[in-house]
Amino acid sequence: AARRVDEWGRMKEAIPSVSAVLMPDEHLANGTIPEGFSPEQMRILAYVDGFNTVADIISKSLMGRFNTTVFLASCVRQGWLREANAAEMAANAEKSLLQGSAAEAAKLSRRTMEMTGDASVRKLLAAALEAAGDTAGAAAEWRAAAANSESANDLALAAELIEKAGRLGGQTEDDLQRLGKLYAATGQTKEAAEALAKLARFRLDAKRPLEAMEICNSALASQPGNEALVQILARCHLDLGRPKEASAIYEKLGRAYEA
């Protein structure tokens, strides 16, 4: 038992994670196999292709977790195998996605994200998750990618990615608030007003008419007479028990809208 514990420790030094993706060195890749490998070990090597994780190889080789990992770790220490770098995994993830293997693309891009945090890889991960049918996971990654774009001051792309997330999982209040700010910052006042009108409607439906009213008044400053905002503002006053104010504001802003 003590020897096996020691062996696990040595394996972890060579292969820190079962989510690692291994690649053959140039000699193995060219078909040069060191002497002494058993048929079982050759079967394990057949799964080392830059796409399978260590966990995948364990599952597919049917040699057991311990035996498979011992062999792979030995090959890594000998220099016959190495962990794929981020660029190789991102390229293989993109290739998998183009070939219709969305789950494999998501796995590879997620591992690449763990290694680098690269924003472009996050978009690849989101696309892979979307193609694999994981709409909730894809929406979360599109929102995270939007935050990366916003940090890089690419506000138009940030808005586009938030819209994409909303189409997948439904727009949230936070989405609409961010869209209102992003569209306003890029001079798209009509789109900003539309996003803020949806946000105001959210707040009004949640029985928060004062908050909805504040949003409407702020948005109407740049889009006076916007019909959706006018109607929500009137409803706010009605919900607050102010029918006269509702009628007056709707009439006044309605004329501005018609003009």
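With T69 contributing its side chain and F66 its backbone, the two residues share no donor-acceptor pair below 3.5 Å. Without hydrogens or angle criteria, S101 side chain to L97 main chain gives no donor-acceptor distance under 3.5 Å. T116 places no side-chain N or O within donor-acceptor distance of the main-chain N or O of M113, the cut-off being under 3.5 Å. For S151 (side chain) and A147 (main-chain N/O), a donor-acceptor pair under 3.5 Å exists by modelled atom type. Judged by distance alone, with hydrogens and angles left aside, the side-chain atoms of R208 form no donor-acceptor pair with the main-chain N or O of R203 at under 3.5 Å. Between the T112 side chain and the L108 main chain, a donor and an acceptor come within less than 3.5 Å of each other. Looking only at distances, a side-chain donor or acceptor of S96 sits under 3.5 Å from a matching main-chain atom of N92.
Between K123 and L157 there is a side-chain heavy-atom pair separated by less than 4.5 Å. For the pair L233 and M213, the minimum side-chain heavy-atom distance is below 4.5 Å. No side-chain heavy atom of L179 sits under 4.5 Å from any side-chain heavy atom of K198. You'll find the side chain of L220 reaches within 4.5 Å of the side chain of N226, heavy atoms only. At a threshold of 4.5 Å between non-hydrogen side-chain atoms, the residues Y47 and S59 do not count as touching. The side-chain heavy atoms of R235 and D205, taken from C-beta on, include a pair separated by under 4.5 Å. Using a 4.5 Å heavy-atom threshold, the side chains of C236 and L204 count as touching.
For S19 against E114, the heavy-atom pair with the smallest separation is OG-OE1, 3.8 Å. Between A119 and N148, the closest heavy-atom pair is CB-ND2, 3.7 Å. When every heavy atom of F202 is checked against every heavy atom of Q171, the shortest pair comes out as CZ-O, 3.4 Å. Residues A106 and L129 approach most closely at CB-CD2, 3.9 Å, considering heavy atoms. Across E173 and L199, no two heavy atoms sit closer than the pair O-CD1, 3.7 Å. A102 and A132 make their closest contact through CB-N, 3.6 Å (heavy atoms, listed as atom of the first residue, atom of the second, distance).
For the atom pair CG (D154) and CG (L182), the distance works out to 10.0 Å, reported to the nearest 0.5 Å. Distance check, rounded to the nearest 0.5 Å: CD of E141 to NZ of K164 gives 14.0 Å. In this structure, CG on L124 lies 10.0 Å from CG on D118, to the nearest 0.5 angstrom. With rounding to the nearest 0.5 angstrom, the CD1 atom of I44 is 10.0 Å from the CG atom of L62. Rounding to the nearest 0.5 angstrom, the gap separating the CD atom in Q177 from the OG1 atom in T172 is 9.5 Å. One distance of note links CH2 of W142 with CD of E160; it measures 8.5 Å at 0.5 Å rounding.
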Give the intermediate values and the outcome of side-chain contact (heavy atoms from CB on, under 4.5 Å) for residues R178 and E150. CA-CA 10 Å; R178 290 170 70 187; E150 192 171 354; 3.8 Å; yes
Does D56 form a salt bridge (Lys or Arg N to Asp or Glu O under 4.0 Å) with K107? I'd like the steps, not just the answer. CA-CA 11 Å; D56 293 332; K107 173 191 65 183; 2.5 Å; yes
I'd like to know whether M89 forms a side-chain contact (heavy atoms from CB on, under 4.5 Å) with M115, so could you lay out the CA-CA distance, the side-chain angles of the two residues, the decisive distance to 0.1 Å, and finally the verdict. CA-CA 10 Å; M89 282 195 292; M115 295 174 68; 2.9 Å; yes
Applying salt bridge (Lys or Arg N to Asp or Glu O under 4.0 Å), run through E83 and R111 and close with a yes or a no. CA-CA 11 Å; E83 185 170 3; R111 176 59 178 163; 2.7 Å; yes
Test side-chain hydrogen bond (donor to acceptor under 3.5 Å, both in side chains) applied to T189 and S222, step by step: CA-CA 7 Å; T189 54; S222 60; 5.7 Å; no
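If you chain together hydrophobic residues whose side chains sit under 4.5 Å apart, V48 and F51 never meet in one group. Two different hydrophobic clusters hold I232 and L238 under the rule that ILVMFWY side chains link at heavy-atom gaps under 4.5 Å. Both L210 and L229 belong to a common hydrophobic cluster when Ile, Leu, Val, Met, Phe, Trp and Tyr are linked at side-chain heavy-atom distances under 4.5 angstrom. In this structure, L45 is a member of the same hydrophobic cluster as I57, with clusters built from ILVMFWY side-chain heavy atoms closer than 4.5 Å. By the criterion of side-chain heavy atoms lying less than 4.5 angstrom apart, applied directly or through intervening Ile, Leu, Val, Met, Phe, Trp or Tyr residues, I162 is not grouped with L168; the two fall into different hydrophobic clusters.
Within a 6.0 Å radius of CD in E94, no more than 12 heavy atoms belonging to other residues, nucleotides or ligands are found. The 12-atom threshold is exceeded at CD of E40, counting heavy atoms of other residues, nucleotides or ligands nearer than 6.0 Å. The number of heavy atoms from other shown groups lying within 6.0 Å of NZ (K190) does not exceed 12.
In this structure E245 satisfies the salt bridge (charged side-chain N to carboxylate O under 4.0 Å, His left out) test with no other residue, sequence neighbours excluded.
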